[in-house]
A.B. asks: 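One structure is given below, represented as structure tokens, and several questions about it will come after.
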Protein chains: 2
Amino acid sequence: MITIKDIAELANVSRSTVSRVLNDSGYVSEDARKRVEKVVKETGYVPSEQAKSLRTKKTKVIGVILPTIQTETPSRIVTGLGRELSKHGYQILLANTDHDKEKEIEYLDLLKVRQVDGIILIATNTDAKLMKKIKELNIPLTVIGQEAEEVMCVTYDDYHAQRDLTRFFIQKGHEKIAFIGVDESDRAVGHFRKKGFLDEMAANGLSVEKAWVEKGIFDIDSGREAMEKILSRAVKKPTATVAVTDRLAIGAMSYLKKQGIKIPQDMAIAGIGASEISQYMNPPLTTVDYQNEKAGEEGAKQILASIESSPFQKKIIMGYRLIIRESI
Amino acid sequence: MITIKDIAELANVSRSTVSRVLNDSGYVSEDARKRVEKVVKETGYVPSEQAKSLRTKKTKVIGVILPTIQTETPSRIVTGLGRELSKHGYQILLANTDHDKEKEIEYLDLLKVRQVDGIILIATNTDAKLMKKIKELNIPLTVIGQEAEEVMCVTYDDYHAQRDLTRFFIQKGHEKIAFIGVDESDRAVGHFRKKGFLDEMAANGLSVEKAWVEKGIFDIDSGREAMEKILSRAVKKPTATVAVTDRLAIGAMSYLKKQGIKIPQDMAIAGIGASEISQYMNPPLTTVDYQNEKAGEEGAKQILASIESSPFQKKIIMGYRLIIRESI
DNA sequence: TAAATTTGTGGAATCGATTCCACATTGGTT
DNA sequence: AACCAATGTGGAATCGATTCCACAAATTTA
């Protein structure tokens, strides 16, 4: 394998001169520069990343920690991240936790050891232990999807998205509205979306019975189970259901169909997240679109700005848009 | 940052001795070993990967090239890959081509420069240029999803999966069967699935009219368009449709619903790929499950065996299972 | 008992780049 | 003309690990 030593010999200069040419740093005569560039081109020489990063302490790698790659939000974010990062010669080192919170912390340590230049954490929670570890790490880090104090983040306006969606139901005449959420340790999806729902209901003088509120996890089956529980135990039946994710909504729809409950005539329903498949449900599901790919791109810009000590916005809140379909 | 020099000083040995302890190589007295281990534990010292890989020429990183991360097949494969690789201390460097074939070749070069220990290519084609580049690379490489000569691969039995699915339609009494495929440059999904369909039809003495065959790409919209084209132009209407992916099938279903064509009464339909959402379609979609996560794990085992020069199976063909639902 | 082998250890070389220092030459300023 | 600054270059040191060589001591074998 060709090294800088070979290039120096072929170009009749020293390794320092070759390095100066490659890095465009320090004085180099035009003559020498041309000879080096010619040799580099002819040989296809590319410097060793290991040797460079041992000396410069930079790896041109960004570590990305995510709970799963198999759902739309993380996969879209990663697509956006990759698109922006590769423009600047950076690569993604993937760290998939499989929804295991302990692994988030393990991976932070591992990525530090791997000397990644920055870390993107697609977060499902912001608990104290995790936040403490992030502070100790001393590596540029962006959290996507959760608000975190003293840390760069790209978030979605979960609160207002859920409020607006809830208001839409109310404007359509619904007063008895069920809610399918997730655990509130997920502050974005679990806490703020629920708060948005409850606040909008309260602002309209509408009560929410305990029997109308259920929790799922981030999959379709638990949405179905949640809908079943709500309808099995509620004396006063709700006429609408808001779910905090499309998957939960789709699961709920599945249950409704099984029970012969018509959407939206007997039960209006909506989710959040603009799953690709939502438009193909029957009826097509009303949802909120979050522009996850753009969130990834913004997160990439943020981390790159931090690495290069350029000015940048430490808190980015992504917009959203309601997609009104036939399920309401 | 702590280095091996510091550890050596604290443990009162040389750097060679510390290295012998860390790598369990060569003679070390029990006394010295204990002192080194104690110091390593107390300080939390972890060796620099850059320095190690400069010397050993190993990075413990596997490059993964994929067309998109946003569909089930690649995302499940990556999940399986990551699960197996992390057991052995390897990480994934992600290289997303966004369906741009030229980028596959660019990324092969980039991963070589990055000195990854192995490459997994989740391939959409096996054209000559790509195969040539792979041979030139001289890095352990596994292709997942396409058969490739002289290269390690994990494939699916596309031919027999499509034949069996087609046979199932025929056993249900269908004789006029439409086909929605993709471009045949994708030999696995495009060529072999089509061949499986045509061969099974021929084996049963059934003809396939040109008007019944259409091509899409790997998305839902093109499935809808393909179904529309078939039904718009076919004089003799098919009573069943096989699509080579679930997404194409779901798109076709969408069109059928719009036209008031009942599934499966007026048109039976199936796909391949066991998309999560297929079970939630109305009616639930018949499909073929390919165990993509396991394919990822097998691919990881294969590449790791190759890296470690252990004996292994160069060609792995994954099994499949029909999932019969209400769309047939 | 002497020779051969094993055990244990430290230090230099090495991996392949970058960076800094020292030196020489050329050009500009006082 | 002398001094200072700019230009250009090569080589050593450095980054932080691994590996090999040389040496010494202890143990085993003939």
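By convention in this document, chain letters (A, B, ...) are assigned in the order of the sequence lines, proteins followed by strands, and residues within each chain are numbered from 1. Remember, predicted model here, so these are calculated numbers, not experimental data.
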A.B. asks: Using whole Å, report how far NZ of B/Lys58 lies from C1' of D/dG16.
C.D. replies: 19 Å

A.B. asks: Expressed in angstrom and rounded to an integer, what is the separation of B/Ile7 atom CD1 from D/dA17 atom P?
C.D. replies: 9 Å

A.B. asks: Whether the side chain of A/Arg20 and the base of D/dG10 hold a donor-acceptor pair under 3.5 Å is what I'd like checked.
C.D. replies: yes

A.B. asks: Quick one: B/Lys5 NZ to D/dA17 C1', roughly how many Å, whole number?
C.D. replies: 14 Å

A.B. asks: Base, sugar-phosphate, or nothing for A/Ser19, non-hydrogen atoms under 4.0 angstrom?
C.D. replies: base

A.B. asks: Counting heavy atoms from C-beta on, name the nucleotide in C/dG10, C/dT19, D/dG16 closest to the side chain of A/Thr56.
C.D. replies: C/dT19

A.B. asks: Between P on D/dT14 and CD1 on B/Ile4, what's the gap in Å once rounded to a whole number?
C.D. replies: 18 Å

A.B. asks: For A/Ser48, answer base if it contacts any base atom (sugar-phosphate contacts may also be present), sugar-phosphate if it contacts only those atoms, and nothing otherwise; contact means non-hydrogen atoms under 4.0 Å.
C.D. replies: sugar-phosphate

A.B. asks: Would you indicate, yes or no, if D/dG10 has its OP1 or OP2 atom less than 4.0 angstrom from a side-chain nitrogen or oxygen of A/Ser14?
C.D. replies: yes

A.B. asks: Of all the heavy-atom pairs spanning A/Gln50 and B/Thr59, show the shortest one and how long it is.
C.D. replies: NE2-CG2, 3.5 Å

A.B. asks: Heavy-atom nearest nucleotide on DNA chain C for B/Ala32 versus B/Arg55: which residue maps closer to 5'?
C.D. replies: B/Ala32

A.B. asks: Rounded to whole Å, how long is the line connecting atom NZ of B/Lys60 with atom P of D/dT18?
C.D. replies: 13 Å

A.B. asks: Classify the nucleic acid contact of A/Lys57 as base, sugar-phosphate or nothing, counting any heavy atom under 4.0 Å across all strands shown.
C.D. replies: sugar-phosphate

A.B. asks: Evaluate whether atom NZ of A/Lys103 has more than 12 neighbouring non-hydrogen atoms of other residues, nucleotides or ligands under 6.0 angstrom away.
C.D. replies: yes

A.B. asks: Go through C/dT18, C/dG8, D/dT18 for me and flag the one nearest to the B/Lys52 side chain.
C.D. replies: D/dT18

A.B. asks: Heavy-atom count check: over 12 atoms from other residues, nucleotides or ligands less than 6.0 Å from B/Lys135 NZ?
C.D. replies: yes

A.B. asks: Starting from C1' on D/dA17, measure out to CD on B/Glu49 and report it in whole angstrom.
C.D. replies: 10 Å

A.B. asks: Just the rounded figure in Å: distance from P of D/dC15 to CD1 of B/Ile2.
C.D. replies: 16 Å

A.B. asks: Taking atom types as they are modelled, is there a donor-acceptor pair under 3.5 Å from the base of C/dT18 to the side chain of A/Ser16?
C.D. replies: no

A.B. asks: What I want to check is whether the side chains of B/Thr142 and B/Gln302 have a donor and an acceptor closer together than 3.5 Å.
C.D. replies: yes

A.B. asks: Give a yes or no on whether B/Leu10 atom CG has more than 12 heavy-atom contacts from other residues, nucleotides or ligands under 6.0 Å away.
C.D. replies: yes

A.B. asks: Write down the distance between CD (A/Gln50) and C1' (D/dA17), rounded to a whole number of angstrom.
C.D. replies: 12 Å

A.B. asks: Would you say A/Tyr27 places a side-chain N or O within less than 4.0 Å of OP1 or OP2 belonging to C/dC23?
C.D. replies: no

